Peer 1: 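Shown below is the structure under consideration.
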Amino acid sequence: MAARDRRKAEASGRRAESWVALYLRLSGYRILARRFRSPAGEIDIVARRGRTLVFVEVKQRRNAAHALEPVTARAEERIVRTGETFMSRHPDYVARGFSLRFDLVVVTGRWRIDHRRDVFRGW
């Protein structure tokens with residue numbers, strides 16, 4: 001991929017993440033972190049709703065079927081390890097008994113959102 005195409009894809013991905021963060025806020029979630037990074041990787045959005053912490057992976061594609069392709073077992077492992085890092089840096093959520101969930105939000109076409117809850121179990 002050429003540098004120009006890569007920059008364009010990154011900008012589009014950031015817009016999709018912003019769109020999803022707005023969608024989540026309007027759906028009653030509190031955004032705790034965006035682009036949370038650890039040595040293991042990155043989680044696009046960490047949100048809270050009630051007593052549930054949600055680690056959200058955002059994918060933008062032309063159609064929803066293609067959005068699932070990059071969510072491999074290796075990607076799941078990376079997200080889980082990064083989630084573990086988040087939890088180790090914020091032990092108050094563990095102490096208070098928060099449940100954890102891993103969601104995938106797919107943004108397709110004209111900014112259509114498909115929120116897939118609890119797509120895999122990390123813990």
Side-chain angles (χ1 to χ4, degrees):
M1 178 182 286
R4 180 177 174 202
D5 292 338
R6 192 171 306 132
R7 284 192 304 271
K8 188 175 177 182
E10 169 122 5
S12 180
R14 285 182 189 249
R15 282 192 302 275
E17 288 173 14
S18 293
W19 184 245
V20 169
L22 175 62
Y23 159 81
L24 290 171
R25 280 194 295 270
L26 292 172
S27 299
Y29 292 82
R30 181 173 166 221
I31 306 302
L32 302 176
R34 289 187 55 187
R35 292 188 165 220
F36 176 80
R37 294 172 195 235
S38 80
E42 178 183 296
I43 293 176
D44 296 324
I45 299 172
V46 180
R48 171 187 171 186
R49 186 171 186 193
R51 297 188 59 77
T52 303
L53 282 182
V54 184
F55 298 98
V56 182
E57 180 73 7
V58 177
K59 295 293 179 190
Q60 181 185 21
R61 298 292 188 271
R62 289 177 193 225
N63 65 54
H66 291 132
L68 297 177
E69 291 172 0
V71 185
T72 62
R74 186 173 179 188
E76 288 179 17
E77 181 180 317
R78 173 190 53 80
I79 294 166
V80 168
R81 284 196 331 262
T82 305
E84 289 170 345
T85 300
F86 181 88
M87 296 304 291
S88 71
R89 293 181 188 172
H90 300 90
D92 50 316
Y93 291 116
V94 176
R96 293 170 48 201
F98 275 66
S99 60
L100 306 174
R101 194 174 80 205
F102 294 90
D103 291 3
L104 173 67
V105 179
V106 180
V107 180
T108 57
R110 295 190 179 267
W111 301 100
R112 183 177 188 174
I113 291 178
D114 179 9
H115 186 176
R116 300 172 186 211
R117 291 165 182 81
D118 209 15
V119 292
F120 60 88
R121 296 280 175 188
W123 280 268

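Because the structure is predicted, anything quoted here is derived from the model rather than measured. In what follows, residues are counted from 1 in the order of the sequence shown.
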Peer 1: Compare all side-chain heavy atoms of Arg4 with those of Lys8 and state whether any distance is below 4.5 angstrom.
Peer 2: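 Sidechains of Lys8 and Arg4: no contact.
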
Peer 1: Out of the candidates Leu53, Val54, Val119, only one should pair with Arg101 under the side chain to side chain contact (heavy atoms under 4.5 Å, CB included) rule; please name it.
Peer 2: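 The side chain to side chain contact (heavy atoms under 4.5 Å, CB included) with Arg101 is passed solely by Val54 among Leu53, Val54, Val119.
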
Peer 1: Is there a side-chain contact between Val56 and Ile43, using heavy atoms and a 4.5 Å cut-off?
Peer 2: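 No, too far: nothing below the 4.5 Å cut-off.
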
Peer 1: How many angstroms lie between CD in Glu76 and CG in Leu104, if you round to the nearest 0.5 Å?
Peer 2: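 CG of Leu104 is found 10.0 Å from CD of Glu76.
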
Peer 1: Hey, is the main chain of Asp118 close enough, under 3.5 Å, to the side chain of Arg116 for a donor-acceptor pair?
Peer 2: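 Such a contact is absent between Arg116 side chain and Asp118 backbone.
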
Peer 1: Please report the closest heavy-atom contact between Ala16 and Val107, naming both atoms and the distance.
Peer 2: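 Heavy-atom minimum between the residues: CB-CG2, 4.2 Å.
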
Peer 1: After noting the C-alpha distance and the side-chain angles of Arg34 and Ser18, does the key distance pass the side chain to side chain donor-acceptor pair (under 3.5 Å) rule?
Peer 2: CA-CA 9 Å; Arg34 289 187 55 187; Ser18 293; 3.0 Å; yes

Peer 1: Could you go through the side chain to side chain contact (heavy atoms under 4.5 Å, CB included) check for Arg78 and Glu57 one step at a time?
Peer 2: CA-CA 11 Å; Arg78 173 190 53 80; Glu57 180 73 7; 3.8 Å; yes

Peer 1: For residues Gly28 and Arg49, report the shortest heavy-atom separation together with the two atoms involved.
Peer 2: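 It is O-CG, 3.7 Å.
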
Peer 1: With a 4.5 Å limit on heavy-atom distance, are the side chains of Thr82 and Glu42 in contact?
Peer 2: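 Sidechains of Glu42 and Thr82: no contact.
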
Peer 1: Classify the ring geometry of Phe98 against Tyr93: parallel below 30°, tilted from 30° to 60°, perpendicular beyond 60°.
Peer 2: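 Ring orientation, 0 to 90° scale: perpendicular.
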
Peer 1: With rounding to the nearest 0.5 Å, note down the distance linking CG in Leu100 to OG1 in Thr52.
Peer 2: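 If we round to the nearest 0.5 Å, Leu100:CG and Thr52:OG1 are 8.5 Å apart.
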
Peer 1: I'd like to check Arg35 versus Arg14 (side-chain heavy atoms, cut-off strictly below 4.5 Å). Are they in contact?
Peer 2: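 Yes; the side chains approach each other to less than 4.5 Å.
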
Peer 1: Would you say that Arg15 contacts Trp111 through its side chain, given a criterion of any heavy-atom pair below 4.5 Å between the two side chains?
Peer 2: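 Contact flag for Arg15/Trp111 side chains = yes.
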
Peer 1: What heavy-atom pair brings Gln60 and Ser12 nearest, and what distance separates the two atoms?
Peer 2: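 Where Gln60 meets Ser12 most closely, the heavy atoms are OE1-OG, 2.6 Å.
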
Peer 1: Is the shortest heavy-atom distance from the side chain of Glu84 to the side chain of Val80 under 4.5 Å?
Peer 2: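 With C-beta onward as the side chain, the pair touches.
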
Peer 1: Does the side chain of Pro39 come within less than 4.5 Å of Arg81's, by heavy atoms?
Peer 2: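 Contact flag for Arg81/Pro39 side chains = no.
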
Peer 1: Please round to the nearest 0.5 Å and tell me the distance separating atom NE2 of His90 and atom CZ of Phe36.
Peer 2: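 Spacing of NE2 (His90) from CZ (Phe36) equals 6.5 Å.
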
Peer 1: Would you say Arg117 has more than 12 foreign heavy atoms packed within less than 6.0 Å of its CZ?
Peer 2: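 Counting neighbours around CZ of Arg117, more than 12 heavy atoms of other residues, nucleotides or ligands fall under 6.0 Å, so yes.
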
Peer 1: Could you pull out all residues at least two apart from Ser27 that satisfy side chain to side chain donor-acceptor pair (under 3.5 Å)?
Peer 2: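 Applying side chain to side chain donor-acceptor pair (under 3.5 Å) to Ser27 gives none.
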
Peer 1: Would you say that Asp114 contacts Thr108 through its side chain, given a criterion of any heavy-atom pair below 4.5 Å between the two side chains?
Peer 2: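 Not touching, per the 4.5 Å side-chain cut-off.
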
Peer 1: About how many Å separate CZ of Phe55 and CG of Leu32, when rounded to the nearest 0.5 Å?
Peer 2: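 Answer rounded to 0.5 Å: 9.0 Å.
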
